[in-house]
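Lettering follows sequence order; numbering is per chain, from 1.
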Amino acid sequence: MKRTDESPLDNGVRGRIDMERTTVLTVDELSKTFGNHEVLRSVSLELKESDVVCLIGSSGSGKSTLLRCINLLEEPTAGTICFRGEPVSRSRVSLAAYRARVGMVFQNFNLFDHLNVLNNCVIAMRKVQKLDRKTAEQRAGYYLEKVGMLPFIHAKPHQLSGGQKQRAAIARALAMEPEILLFDEPTSALDPQMVQEVLAVMHALAKEGMTMLIATHEMMFAREVSTRVVFLDEGSILEEGTPEQLFSCPRHARTEEFLRGLLYRCPGEM
Amino acid sequence: MAPFWENIVTTWSRYHSHYLIGARNTLIISFVSTFIGCLIGFAVGIVQALPDSPRAGKGRCAALKILKIVLRSYVELFRGTPMIVQAVFIYYGARLVAGLHLDMWTAAFLIVSVNTGAYMAETVRGGILSIDPGQEEAAHALGMTHVQTMLCVILPQTFRNIIPQIGNNLIINIKDTAVLSVISITDLFFVHKSVSGSLYNYFESATIIMVIYLILTLSVSWLLRLLEKRLDGKQHYDLATTDTLAHTSGLVRYARPSEEKK
Ligand SMILES: Nc1ncnc2c1ncn2[C@@H]1O[C@H](COP(=O)(O)OP(=O)(O)OP(=O)(O)O)[C@@H](O)[C@H]1O
Ligand SMILES: [Mg+2]
């Protein structure tokens, strides 16, 4: 489980060494229905080490549901999820261990309101990974510094701006040293200025070779950072490919329509 | 007006030790019973707030349902009947029906705790439900178990949010222990009844215990406010500077943890 790279790899290099990289996460034929509402239909997805995959799609297409199914916050109706080649079991012990290795960042930050920034990061390391306080604090400090939140360790969540909260939440996820990070629209609840500070952090993580699966509406970001873009439409993967492929010459009419819709909303971005 | 003040002064100087013992007993019963009542309330409230998760087996699901019905009945029974009747019912009933001689102190603690527990159960359940479920999800996503999530994330916030209600219960208990005089507990009200019964100075004695009750309840209010402030911590935070960090925990002198491992 050692990190494959310390230095940023450009997309070309990533492509060439594709064979050598191990698979982190495999989603196979995943389906999810709520009542009679089929939200995900046979979604299959594979993430290799240091892949950055962006999930795009209109509202209600099932991006959040897919991410929530992956770390079993939502129980899939059918299909399997394999982590490092092992099917993820739902028994209580292995579930906790699995979730500790899969980080998640939420749209609404979901920081623990009664704890300061440092303790937000420390608590899971102490309870789940059973680290002693000193080690946990040092590790938290390392990651908080990385996201630029070290000066704010004594602040409670309600004393922070949205961007600061989200950076703290990212540090909290990173501090568990997960092997993959899931982001569910991490910038959707933020003002434009704060969006940039959070995206900058994610950009840096991508460069370091963090494996990430990101649901986002930030097309510029998806285009710059991702190794692959997946277009989700009404619960199934309609199209996936490199950002150049997907954004410049989408194969499906629906994808084009979706991207064109965004173009009208934010001219000059595409 | 003069005889009124004189009477108060003489009553107080002759019986102040009785009044003080009464006040002490009132305080002991209400504090201890509120504390035990809170424990009961947390236990019952936590169970009531458990989701009927389909993931657990059928047997466990059914057991949980039955337990919830039992607890629900407990809450409704004790909220729905007057404490003074419960006191008589339990104290004399235990003797008649079960041949059990409860000593009156045990009976007093039992009755007030169980009553407080019934009210607190609903308060705690509401408190748990009011915490944003996102935090629970975040805790689960970090790998924390349900119990860890409850203990470290949900309950501390619930506790903070229901302190005003705990205060309410404590104050109500201070006043309502008066009804325990029906089972001869020497609380403040019982002392008043005995003193005024022998001196025929109902008004003066009532004035004295009114003042004492007010002093007790006001102090409790003030103490709880203090506790709330304490739990909330500082209104502002200090930016951590490089010196303070290096000084306290060595946070900044840390190398990349993954390099250190193994
Ligand atoms: N708990 C639930 N019960 C019933 N239906 C649900 C539930 N959660 C999600 N859905 C439905 O699933 C569909 C997909 O929702 P999801 O949140 O995954 O969309 P999304 O792609 O993340 O959208 P957005 O971009 O707005 O976040 C929606 O139609 C929603 O109504
Ligand atoms: Mg969503």
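- Every residue two or more places apart in sequence or in another chain that forms a side chain to side chain contact (heavy atoms under 4.5 Å, CB included) with B:Leu226 is listed here: B:Trp222.
- For a residue to count as touching a neighbouring chain, one of its non-hydrogen atoms must lie under 4.5 Å from one of that chain's; by this rule A:Phe112 touches chain B with backbone and side chain alike.
- To the nearest 0.5 Å, atom CZ of residue A:Arg126 and atom CE of residue B:Met144 are 11.5 Å apart.
- In terms of modelled atom types and a separation under 3.5 Å, the side chain of B:Gln148 and the main chain of A:Lys127 share a donor-acceptor contact.
- Across all non-hydrogen atoms, the minimal contact from A:Met104 to B:Ala141 is CB-CB, 4.1 Å.
- A donor-acceptor pair under 3.5 Å is formed between the side chain of A:Asn110 and the backbone N or O of B:Gly134.
- Of residues 153-161 of chain B, those residues lying under 4.5 Å from chain A by any heavy-atom pair are B:Val153, B:Pro156, B:Gln157.
- Residues of residues 111-133 of chain B having a heavy atom under 4.5 Å from any heavy atom of chain A, listed by number: B:Asp132.
- Neither the backbone nor the side chain of B:His146 comes within contact range of chain A; no heavy atom of the residue lies under 4.5 Å from a heavy atom of that chain.
- Using a 4.5 Å cut-off between heavy atoms, A:Arg133 makes no contact with chain B at all.
- Looking at every heavy atom in both residues, B:Asp232 comes nearest to A:Lys156 through O-NZ, 3.5 Å.
- Counting heavy-atom pairs closer than 4.5 Å to chain B, the top residue among A:Leu182, A:Asn108, A:Ile123 is A:Ile123.
- In this structure, the side chain of B:His140 does not engage the main chain of A:Leu72 through any donor-acceptor pair within 3.5 Å.
- Heavy atoms of other residues, nucleotides or ligands lying less than 6.0 angstrom from CZ of B:Arg225 number 12 at most.
- Considering every non-hydrogen atom in both A:Arg172 and B:Leu142, the closest pair reads CD-CD1, 3.8 Å.
- Of the two parts of A:Asn71, only the side chain, counted from C-beta on, holds a non-hydrogen atom closer than 4.5 Å to a non-hydrogen atom of chain B.
- At a heavy-atom cut-off of under 4.5 Å, chain A is reached by no residue from residues 23-41 of chain B.
- Residue A:Ala96 comes nearest to B:Gly143 through the heavy atom pair CB-O, 3.2 Å, listed as atom of the first residue, atom of the second, then distance.
- Contact record, B:Cys152 with A:His114: O-NE2, 2.9 Å, taken as the closest heavy-atom pair.
- Interface remark: A:Val105 contributes no atoms to any contact with chain B (heavy atom separation under 4.5 Å).
- Scanning all heavy atoms of the two residues, the minimum distance from B:Tyr237 to A:Gln159 falls at CD2-OE1, 3.4 Å.
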